[in-house]
Amino acid sequence: MHQQPTASHFIDGQYIDDTAGDAFDVVYPATGEVIARLHAATPAIINRALDAARRAQTDWAAMTGTERGRVLRRAADIMRDRNHDLSVLETYDTGKPYQETSVADATSGADALEYFGGLAGSLTGEHIQLGQDFVYSRREALGVCVGIGAWNYPTQIACWKGAPALACGNAMVFKPSESTPLSALKVAEILFEAGAPAGIFNVVQGLGAVGASLVTDPRVNKVSLTGSVPTGRKVYAAAAEGMKHVTMELGGKSPLVIFDDADLENAVSGAILGNFYSSGQVCSNGTRVFVQKGIKDAFLNRLSERLKGVILGDPQDPKTNFGPMVSQNQRDIVEGYIAKGISEGAHVSFGGKRVDKAGFFIEPTVFSDVTDDMTIAREEIFGPVMSVLDFDTEEEVLLRANDTQFGLAAGVFTADLARAHRMAAGFEAGTCYINTYNLAPVEAPFGGMKMSGVGRENSKAAIEHYSQLKGVYVAMTDVEASF
Ligand code: NDP
């Protein structure tokens with residue numbers, strides 16, 4: 001396997017450690033074994049990372065976009081060349097099956113590096129003619145950006161934040177989740193190898209306190225967080241104190257609506273992808289599955305048959321298609337929700353139990369006869385728990401689908417295209433799907449409405465969130481003053 005990260009942090013072009021920081025273990029979720037021991041960043045480490053970023057950023061922003069883009073595209077190529085090793089590492093970091101990580105993590109990170117690398121050379125301001133005078137706008141970098149990541153897609157999150165930030169001429173200090181600290185270090189190493197100047201992309205480790213001290217530091221101009229709504233609230237408030245730009249990619253409880261006329265097999269596939277991929281640890285999951293009454297029985301029967309295809313086991317085995325929860329803590333949270341679903345009267349139609357083996361496995365679980373007011377239909381579980389609800393009419397289901405504080409994603413399966421577009425227009429969600437679910441190509445905007453977030457990642461829209469416009473008024477004639 002390609003070299004593992006060799007120290008806790010990557011700062012100013014090199015791996016460094018400071019054993020004065022609190023030690024924490026990295027646990028392989030499939031076995032519970034400790035696979036690495038890292039140290040949280042001390043104030044000295046945080047200082048070093050922010051100083052390095054600040055120092056490097058000016059020269060990086062002064063390069064042409066094409067030059068910056070070349071570095072990002074080179075990094076994308078290296079990531080693709082090392083996809084196997086990076087996927088093995090991601091599987092150790094997260095417990096997600098290699099069958100997934102080999103097609104969804106370093107590869108999607110590489111897509112982001114390639115896409116924003118391609119855009120970097122075409123970033124422009126505009127020219128506004130005002131008679132003989134004119135204004136031109138310059139699209140400028142923000143400065144130093146802080147990225148803070150969740151544990152479900154550590155490589156992808158580092159790249160979704162790092163690629164647009166660097167394309168626009170910013171430097172980044174990235175803090176991964178303390179549950180999955182390894183992969184972002186490889187992203188930093190690869191960017192440096194691809195030619196990113198020392199200090200342009202740094203990784204520091206630690207828990208929430210390290211994130212909090214980054215967010216409040218006056219050297220930081222922007223904060224981009226992927227995490228839960230409660231953390232988002234805190235980070236947004238702390239950033240507001242210093243008037244910093246933010247992107248908040250937060251949680252969801254997204255609706256997936258299946259009408260009677262939908263292609264049943266595709267609808268079942270969509271519900272599986274939207275609930276059990278990454279063992280349900282995906283923010284945009286469609287965990288409230290509304291099935292129209294005419295096909296509810298057929299849907300549940302076919303779903304149970306298809307779930308017999310789950311191969312739960314060693315995530316490094318390419319045949320395994322279902323892995324453990326990321327941590328014991330997350331498994332406990334999910335078990336608590338399953339118990340709550342049962343006690344509130346929902347019916348377990350598949351799974352529902354902890355798996356009797358080492359590691360943090362829980363069976364893929366389907367609740368039927370769920371009602372809108374049940375806890376499992378209102379709160380984000382972040383585990384393999386699908387709630388199936390039923391409905392009669394389009395008007396009714398749209399109201400119920402939108403009756404949530406969240407607004408990350410929503411999906412509809414139907415053969416009636418006019419209805420599909422009406423539903424997409426009516427959903428209060430930032431990312432909608434018609435006859436599919438949970439695809440997140442880098443070309444498309446991704447992000448939430450309502451409590452699910454602020455700003456958008458990916459697509460050309462991300463450029464707006466990592467740059468700022470300066471207007472320059474140019475006078476071509478004499479200045480007229482009143483006295
Ligand atoms: P958390 O909100 O617990 O943590 C997110 C990150 O923020 C972690 O790195 C965490 O550090 C850090 N953090 C915690 N407190 C603070 C603070 N006060 N200041 C700064 N940083 C802080 O989320 P999870 O890691 O548990 O991830 C799961 C959540 O992420 C789910 O709610 C999910 O929906 C959401 N998510 C959203 C996505 C999206 O794009 N919308 C994508 C993926 C996940 P540490 O954990 O090390 O203490």
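A quick note: this is a predicted structure, and the numbers were derived from the prediction, not measured. Both ligands and their constituent atoms are indexed starting at 1 by order of listing.
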> Are the aromatic ring centres of H84 and Y98 under 6.0 angstrom apart?
Replying inline: yes

> Do F382 and W151 have ring centres separated by under 6.0 Å?
Replying inline: yes

> Got more than 12 heavy atoms from elsewhere within 6.0 Å of CG, N435?
Replying inline: yes

>> With a sphere of 6.0 Å drawn around NZ of K450, does it hold more than 12 non-hydrogen atoms of other residues, nucleotides or ligands?
In response: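 Yes, because the 6.0 Å sphere around NZ of K450 holds more than 12 heavy atoms from other groups.
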
Looking at [Y] and [X], is there a salt bridge between them, counting it only when a charged N and a carboxylate O are closer than 4.0 Å?
X	Y	value
D18	R48	no
E114	R80	yes
D372	R288	no

> Do the ring planes of Y15 and F10 sit parallel (below 30°), tilted (30 to 60°) or perpendicular (above 60°)?
Replying inline: perpendicular

Numbered atoms and elements of ligand 1 in range of [X], under 4.0 angstrom, heavy atoms:
X	answer
A212	19 (N), 20 (C)
T231	1 (P), 2 (O), 3 (O), 7 (O), 13 (N), 14 (C), 15 (N), 16 (C), 22 (C)
G206	47 (O)
A150	25 (O), 27 (O), 30 (O), 44 (C)
E178	45 (P), 46 (O), 47 (O), 48 (O)

Looking only at protein heavy atoms, identify the closest one to [atom] and say how far it is in Å.
atom	answer
atom 44 (C) of ligand 1	N152 ND2, 3.5 Å
atom 8 (C) of ligand 1	G149 O, 3.3 Å
atom 11 (O) of ligand 1	K175 NZ, 3.1 Å
atom 48 (O) of ligand 1	G208 N, 3.0 Å
atom 12 (C) of ligand 1	I148 CG2, 3.6 Å
atom 26 (O) of ligand 1	W151 NE1, 3.0 Å
atom 39 (C) of ligand 1	C283 SG, 3.0 Å
atom 32 (O) of ligand 1	E380 OE1, 2.6 Å

> Should S228 be counted as touching ligand 1, given the test is an N or O pair under 3.5 Å?
Replying inline: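 Yes.
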
>> Tell me whether G227 has any N or O atom under 3.5 angstrom from an N or O of ligand 1.
In response: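 N/O-N/O distance under 3.5 Å: yes.
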
Considering only heavy atoms, does [X] approach ligand 1 within less than 4.0 Å through its side chain, its backbone, both, or neither?
X	value
L408	side chain
T226	both
L225	side chain
L207	both

For the pair [X] (side chain) and [Y] (backbone), establish whether a donor and an acceptor sit closer than 3.5 Å, ignoring hydrogens and angles.
X	Y	answer
Y437	S284	yes
R331	G359	yes
N202	V173	no

> Could you state the interatomic distance from CE (M79) to CD (E193), rounded to the nearest 0.5 Å?
Replying inline: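 Answer rounded to 0.5 Å: 11.5 Å.
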
> Does some side-chain heavy atom of E189 sit less than 4.5 Å from a side-chain heavy atom of F201?
Replying inline: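 When only atoms from C-beta onward are counted, E189 and F201 do not touch, as no gap falls below 4.5 Å.
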
> To which of E249, E457, Q330 does the heavy atom nearest atom 40 (O) of ligand 1 belong?
Replying inline: E249

> Of all the heavy atoms in F446, does at least one lie under 4.0 Å from an atom in ligand 1?
Replying inline: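 Right, F446 reaches ligand 1.
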
